[in-house]
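Okay, so here's the structure we're looking at.
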Number of protein chains: 2
Amino acid sequence: MGLDGLNEYWKACCYLSAGMIYLQDNPLLKEPLRPEHIKNRLLGHWGASPGLSFVYVHANRVIIKYDLDCIFIAGPGHGAPGVIAPAYLEGTLSELYPEFTLNEDGMRRLFRAFSFPGGFGSHCTPELPGSIQEGGELGYSLAHAYGAVFDNPDLIAVTVVGDGEAETGPLATAWHSNKFLNLARDGAVLPVLLLNGYKINNPTVLARIEDEELSSLFRGYGYEPRIVSDADQMGAHESMAEAMDWAAERILALREEARAKRQAQRARLPLIILREPKGWTAPKKIKDSHLEGYWRAHQVPLPEVKTDPESLRVLEDWLRSYQPERLFTKEGALREDLRCLAPEGEKRMSANPQANAGGRRHALMLPNPEKFSVKVELKGATVAGNTKPLGHFLKEVMRLNPTSFRLFGPDETKSNRLDAVFEFGKAWMAKTLPEDADEGFLSPTGRTMEYLSEHTVEGWLEGYLLTGRYGLLSTYEGFAPIISSMVNQFGKWLDISSDVHWRLPIPSLNLLLTSVVWRQDHNGFTHQDPGFINAIVDKWPSVVRLYFPPDANSLLWTVWRAFQTSDRINIIVIDKQRHPQYLDADEAFNHVTKGLGIWDFASVHPQEEPDVVIASCGDVPTKEAKCAVEILREYFPDLRIRFVNVVNLFTLVPSGEHPDGLTDREFDSYFTKDRPIIFNFHGYPWLIHRLAYRRTNHKNLHVRGYRENRKIGMEAAYLVPFLKGRGGITTPMQLAIINQIDRFSVAMDVIDRVEKLATKASFYKDRIKDQQIEALAYAYEHGVDHPNYAE
Amino acid sequence: MGLDGLNEYWKACCYLSAGMIYLQDNPLLKEPLRPEHIKNRLLGHWGASPGLSFVYVHANRVIIKYDLDCIFIAGPGHGAPGVIAPAYLEGTLSELYPEFTLNEDGMRRLFRAFSFPGGFGSHCTPELPGSIQEGGELGYSLAHAYGAVFDNPDLIAVTVVGDGEAETGPLATAWHSNKFLNLARDGAVLPVLLLNGYKINNPTVLARIEDEELSSLFRGYGYEPRIVSDADQMGAHESMAEAMDWAAERILALREEARAKRQAQRARLPLIILREPKGWTAPKKIKDSHLEGYWRAHQVPLPEVKTDPESLRVLEDWLRSYQPERLFTKEGALREDLRCLAPEGEKRMSANPQANAGGRRHALMLPNPEKFSVKVELKGATVAGNTKPLGHFLKEVMRLNPTSFRLFGPDETKSNRLDAVFEFGKAWMAKTLPEDADEGFLSPTGRTMEYLSEHTVEGWLEGYLLTGRYGLLSTYEGFAPIISSMVNQFGKWLDISSDVHWRLPIPSLNLLLTSVVWRQDHNGFTHQDPGFINAIVDKWPSVVRLYFPPDANSLLWTVWRAFQTSDRINIIVIDKQRHPQYLDADEAFNHVTKGLGIWDFASVHPQEEPDVVIASCGDVPTKEAKCAVEILREYFPDLRIRFVNVVNLFTLVPSGEHPDGLTDREFDSYFTKDRPIIFNFHGYPWLIHRLAYRRTNHKNLHVRGYRENRKIGMEAAYLVPFLKGRGGITTPMQLAIINQIDRFSVAMDVIDRVEKLATKASFYKDRIKDQQIEALAYAYEHGVDHPNYAE
């Protein structure tokens, strides 16, 4: 069967897409179309659907012809009908959702279920088999595609990039992912730029530049582009078939070459630019307005069909133009001779196990973190880099899992002190120079992926996880907000997908936020931002976890645990610099497992009921809080202080609201029912109130943390003269004092809040205040902290 | 004076840059270098500094030669020394900061002030004259540059794009800004891609592809690229001077052509690719490690100089290699014959008034919003589109301010119902087709700027504001988080710049968030996100304002007020659909001015002390809350209900924490000291607790809002069977009920919380619950809400 059959298969897809948008009954148009056959509310988008189906059916053709292993990634927004249609026709839908039988009745149900409460959405949501990219928020298709094919040598991700999507930043920079793809070990991406010319209400930029400029752009991106652009449909089929053959053969040849050669080389992957009319196959005009090939075809092209007989007539003509009676049997099944145009079993893109967590869960081999732990001679006095041991741990994870674990980051792996992993190289397929052999060598087989687009590395990691492999992304805390919307969209995917009965769990997204807000000594104000956690803390409790390990060993166990979870977003916040160490390996394991704990070694008279609770969360605030205890111990040896450290932030939430939340009884057992609590927190102080405001002792909770409102509301007015350069360049101690998370402020808070200290309060407070001002003044004069306060 | 002089001027910049990083004394090296001359802490980045100065001095040359009007935009991170140095040499620094005199003493002070607490930061912060782009978070330089030159016909933004920065998404897509630039009315951008080859720890992608590929990429982006790449420094000067002459002449010729012609045409702007070694002019190697031309030159190349005599010797040799005694007079001033190499007065890029809010504040001409207001026949019964009148208002703003106001958005102006502005066209310089004459026509002089990169349009607007003009950006609420980090960085700029004594205030950043979370009927879960406000609410109280106008007229006054503010970020959240209208023009003015108000018309027995307060914030929650009052009035006619509507969210915060905050007495006068408050909120409910947790009556505050944790903690267990497709495709009423902001849930909340209703509570609650379930069931069956609940 030649391209005529393919055209008919495609027309069947187009018919189904239109049916999903308009019809709730009379699915095969056996009767004349009447208003009651039309849905009450017309939702969905026609614009990109025919183009998506077009690429899909042509991919089917080459899958069969060359026996390829492909997944389909739909970039354009709202194109779901164009992908649901072939998934239905090739039978996957009814295998997973028995109600969508391949007959008239199933078709009616499918039409009705689309864009209907409880049914399929208008993007490629997790409920749609074969999908690993929803596309509600545009821009991530290409990065997802590359992530999916890394270490997946046989896979080809046929990736349709919308020309609207192509205008987004994340997509524009993801084209360069080809500098990190090694065909000798990785699969390939076949990008199809769908140039349908319009967004919601505007032409797209790439559709309105000359062909030569367009080709030049993609050659500059390192691809070999070919433009498919034919006015008539059969011509388009011919050109597209030819282009797909060329692309498939090119990929196979490049792959063979890469695997035969000993010297890996960057491949110029083929890229197809498909110029087709927006809303292809819709009526050309309705009344006096352009439709096919214009932005009006973006959404529902004929919104008045239920009420306007003229529109209804146009719709009926349009639907009948596909000749459903020719495409489908009387019973509503696809015509038998067309069925062989789709591949079978797992070769169907809608049933490819790669798009369902890679088909089965491969456990990650994990070394024992104890082997990498820091020896803590004296709690709080031993000093070590917090992240360095993790680098050694991750290196071992790489050794044990040579094809299923990668480390991702924008360009900060070394800065974040994880550079032990460089023993396995950094992935790099562009040109190299002799000096690249220096530490952290670039290699075609490197396991660390660095590219200065947070969006792209996050997208790579998501694609890698969605196909069942493991990873961790480390980034500066201050720049994590760059990807907060992207992580948010991934969280939405996880929240839904973990409830889809046939979806396998995927390894969790692990984000290490380091170079934290408190240590931006030379980076200044722009690098200070603990806001990422605020953007994520309100989200799905089944998905999000927030960890603030206080030291190197607790970080090791936190990551070890995170790697064993599924369908989660684990956010781990810790600084990269040298800091006091508190817990040996065993203690760290227990502390991380419980999520919080009372530290007797940092408490005073720990066996007695406390006068006050000093709590901390985050490494820098923990250090300052602990030093505050030392100050208080010296001045008020009788004061009973309980020291609580929190690793898992969600322990603070009531147990009914988060699976990790403590019961009220448990919470009270740590924080008491009536003693003052001074809580020294890593981020914005409000966050602790937001988590704990229902707790018994909330009225006594006093939180310190990072504050942006230093111009007003400064409680310690005597600090104001020091607010020069406000947060620009600061020493660590200055920044702590300005935000009042420093040892002195915490100690003074305690004195203010414990009644029995009232008589001696002002005397000792003045002494502490003097020390604080002295520390501040020293830093302003010398540009460094006094040696007493360093590390 | 030829290029030799320029080279020496540049060397003086390099010397000063190195001095800023290392020296606290002995600035002219009059004595042998000793450890005490070295700063205690070495901070700052050498890598990009020499390249930045190189471009700066070459820009100076063409400014003088062609009498150009230029500003300098530094994209690379941490390059401040390379920009501070020429600003100091040309005298601007000492004009604004008298301590930095142009002599030995001033130089010592400058060296010490750099990257020192209270001094200059290592980015081009607001304290640096001539800067409109800090560059701490990378990627925004090019969008800022284009924004600055729109409607600025004489201006040329010399824009250095770092090759690290070029890997970010926002930068990668901003290249296409040239499709929106009309040289007939706009200035020009001269991009210089600084290809120094390295980021922190990796080569850059663009430095490791072939020259031909690189040129092809930029031709594809629509530029005319020229590569400057010379091994020796004088050769580089010659090539750069030639390239700058070519670029300047090309821009002037294109400009002249554009202004002479009647037919506007997209211009291929010149672009210079400057390939130079990272850390140019630093030692080639130190010990066995590569330095100049390698990533090790990124930050402080010789970190051990204070303690290691060998390093100190290398540093001294390096510093003396610039021959400071030749470049500077004995007194420390730049050699007299070099001074003429910088332009004078406002031609100096560091003193160009364009980079300081355009030099002076041009007031925006504003029409009276009353002219555009909706006539409210019956409060709550009159229905109108909330944003449509604003479109007409904005159209009038465009008419009154033809060269100082633009509207920005990704592609949603029409979708957001602001399309009345299209009378003035949409800016577009790429190809046009006959059908573009359809509504919303594309035009070289269009005043609406649409491009599907939220980053780019936000960057354009920022650049436009920073040069003293006005604008508004409208975007879907659900996708505003894409730019939350960018808005955050802009807020940091405003927070600092508004305190810099010589900076003029700039017009505020106005963001209209519409197509809100509650009306995603066909877009589904991915489009539901009220999280942007959470990412910004914790920030600088002097900068951020959050408004939730309840209807069309209050939106008009909110925008009218926002346009009259400076140095702020005004975030305005309102839906675009048809909704009930409550306030006539006068009432809306008063309501918006106060920021909140008691609505007697929506209250029951308003003249009496209330039994309960029902509060609302946001249009959809207000509608539902008001309908709840109707239900309660019917069942409990004696119940005294006070209805409070909040427009300005920060009124809820104590007055000590935010300038718009109410005093506790004021707050109590609205919300009472002891009555139950049911607060129906637009966003995450926690936010209201976070703002109001210190208020007297907080214990009685019960908040409803958007919730992500629908899987657990669902209070209304009887709703669980309806949680199909959880938030995917929903009708408005379904989404309200699922999140319990619907009229029924609010009414039941009131019944639960008002003691005097206890006796009849269960009877009426059951009736309400039945109505609620009926509404939900109807929507699931018909795919639309029952007509009773629509609009």
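Reminder, nothing fancy here: chain letters follow the sequence lines and each chain counts from 1.
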Need one label for L206(A): side chain, backbone, both or neither, based on atoms under 4.5 Å from any heavy atom in chain B.
side chain

Contacting region of Q24(A) [heavy-atom separation from chain B under 4.5 Å]:
neither

R707(A) vs E657(B), test: salt bridge (charged side-chain N to carboxylate O under 4.0 Å, His left out). Steps then yes/no.
CA-CA 11 Å; R707(A) 306 193 309 181; E657(B) 292 177 19; over 6 Å; no

Under 4.5 Å between any side-chain heavy atoms of Y706(B) and D538(A), yes or no?
no

Interface check, chain A: of L433(B), N534(B), T456(B), L691(B), most non-hydrogen pairs under 4.5 Å belong to L433(B)

If one checks every heavy atom of F116(B) against chain A at 4.5 Å, the contacting part turns out to be both

Given the options K699(A), H45(A), H689(A), which has more heavy-atom pairs under 4.5 Å with chain B than any of the others?
H689(A)

When only pairs under 4.5 Å are counted, which of I483(B), N488(B), T731(B) shares the most heavy-atom pairs with chain A?
N488(B)

Distance (rounded to the nearest 0.5 Å) between L217(A) CG and S216(B) OG:
8.0 Å

Just say parallel, tilted or perpendicular for the rings of H78(A) and H527(B), cut-offs at 30° and 60°.
tilted

Determine the minimum heavy-atom distance between S484(A) and S484(B), stating which atoms define it.
OG-OG, 3.6 Å

Begin with the C-alpha distance, continue with both residues' side-chain angles, and end with the deciding distance and a verdict on side chain to side chain contact (heavy atoms under 4.5 Å, CB included) for I729(A) and R41(B).
CA-CA 12 Å; I729(A) 301 296; R41(B) 181 120 197 246; over 6 Å; no

Is chain B contacted by the side chain of W428(A), its backbone, both, or neither, given a heavy-atom distance below 4.5 Å?
side chain

Leading residue by heavy atom contact count with chain B [cutoff under 4.5 Å; candidates L43(A), L452(A), V537(A)]
L452(A)

Please state whether the side chain, the backbone, both or neither of F114(A) comes within less than 4.5 Å of a heavy atom of chain B.
neither

In Å, rounded to the nearest 0.5 Å, how long is the span from CG of L687(B) to CH2 of W686(A)?
11.5 Å

Could you tell me which of F218(B), F180(B), Y693(B), Y221(B) has the largest number of non-hydrogen atom pairs under 4.5 Å with chain A?
Y693(B)

So that I know where these two stand, are H698(B) and H698(A) an aromatic pair - ring centroids less than 6.0 Å apart?
no

Applying a strict 4.5 Å limit to non-hydrogen atoms, the region of D436(A) in contact with chain B is both

Any side-chain heavy-atom pair of L138(B) and F479(A) under 4.5 Å:
no

Side chain proximity check, R690(A) to Y684(B), heavy atoms < 4.5 angstrom
no

Between chain B and each of I200(A), D419(A), V543(A), T432(A), count heavy-atom pairs under 4.5 Å; write down the option with the most.
I200(A)

Option in T204(B), D411(B), T173(B) with maximal non-hydrogen atom pairs under 4.5 Å from chain A
D411(B)

Between S115(B), P410(B), G478(B), which shows the greatest number of heavy-atom pairs under 4.5 Å with chain A?
S115(B)

pair K39(B)-V784(A): side-chain heavy atoms closer than 4.5 Å
no

Top contributor to chain B interface from E212(A), E165(A), E412(A), R112(A) [non-hydrogen pairs under 4.5 Å]
R112(A)

Look up atom CD in E167(B) and atom CD in E454(A), then write down how far apart they are to the nearest 0.5 Å.
10.5 Å

Assess whether salt bridge (charged side-chain N to carboxylate O under 4.0 Å, His left out) is satisfied between D529(B) and K539(A), documenting all intermediate values.
CA-CA 10 Å; D529(B) 192 345; K539(A) 309 296 183 183; 3.1 Å; yes

Which answer fits L214(A), side chain, backbone, both or neither, if we ask what part of it has an atom under 4.5 Å from a heavy atom of chain B?
neither

Report yes if some heavy atom in the side chain of F422(A) is under 4.5 Å from a heavy atom in the side chain of N201(B); otherwise report no.
yes

Kindly indicate, with the supporting measurements, whether the criterion salt bridge (charged side-chain N to carboxylate O under 4.0 Å, His left out) is fulfilled by K431(B) and E213(A).
CA-CA 12 Å; K431(B) 256 194 301 195; E213(A) 208 167 293; over 6 Å; no

Over all atoms of both residues, closest heavy-atom pair of A779(A) and P117(B)
O-CG, 3.9 Å

Please examine the side chains of L442(B) and N202(A), heavy atoms only from C-beta on, and report whether any two atoms are closer than 4.5 Å.
yes

Do side-chain atoms of E137(B) reach the backbone of T526(A) as a donor and acceptor pair under 3.5 angstrom?
no

Can you say whether F532(B) sits under 4.5 Å from chain A via the side chain, the backbone, both, or neither, judging by heavy atoms?
neither

May I ask you to name which of V205(A), I536(A), T413(A) has the most heavy-atom pairs under 4.5 Å with chain B?
V205(A)

Any chance you could measure F525(A), atom CZ, to E134(B), atom CD, to the nearest 0.5 Å?
9.0 Å

Is the backbone of H782(A) close enough, under 3.5 Å, to the side chain of N40(B) for a donor and an acceptor to pair up by distance?
yes

Looking just at side-chain N and O atoms, do Y451(A) and K199(B) make a donor-acceptor pair shorter than 3.5 Å?
no

So what's closer than 4.5 Å to chain B heavy atoms on T168(A): side chain, backbone, both or neither?
both

Please determine, among R219(B), H455(B), E435(B), the option with the most heavy-atom pairs under 4.5 Å with chain A.
E435(B)

May I have the step-by-step check of side chain to side chain contact (heavy atoms under 4.5 Å, CB included) for Q528(A) and K492(B), ending in yes or no?
CA-CA 10 Å; Q528(A) 292 170 9; K492(B) 285 174 184 277; 4.2 Å; yes

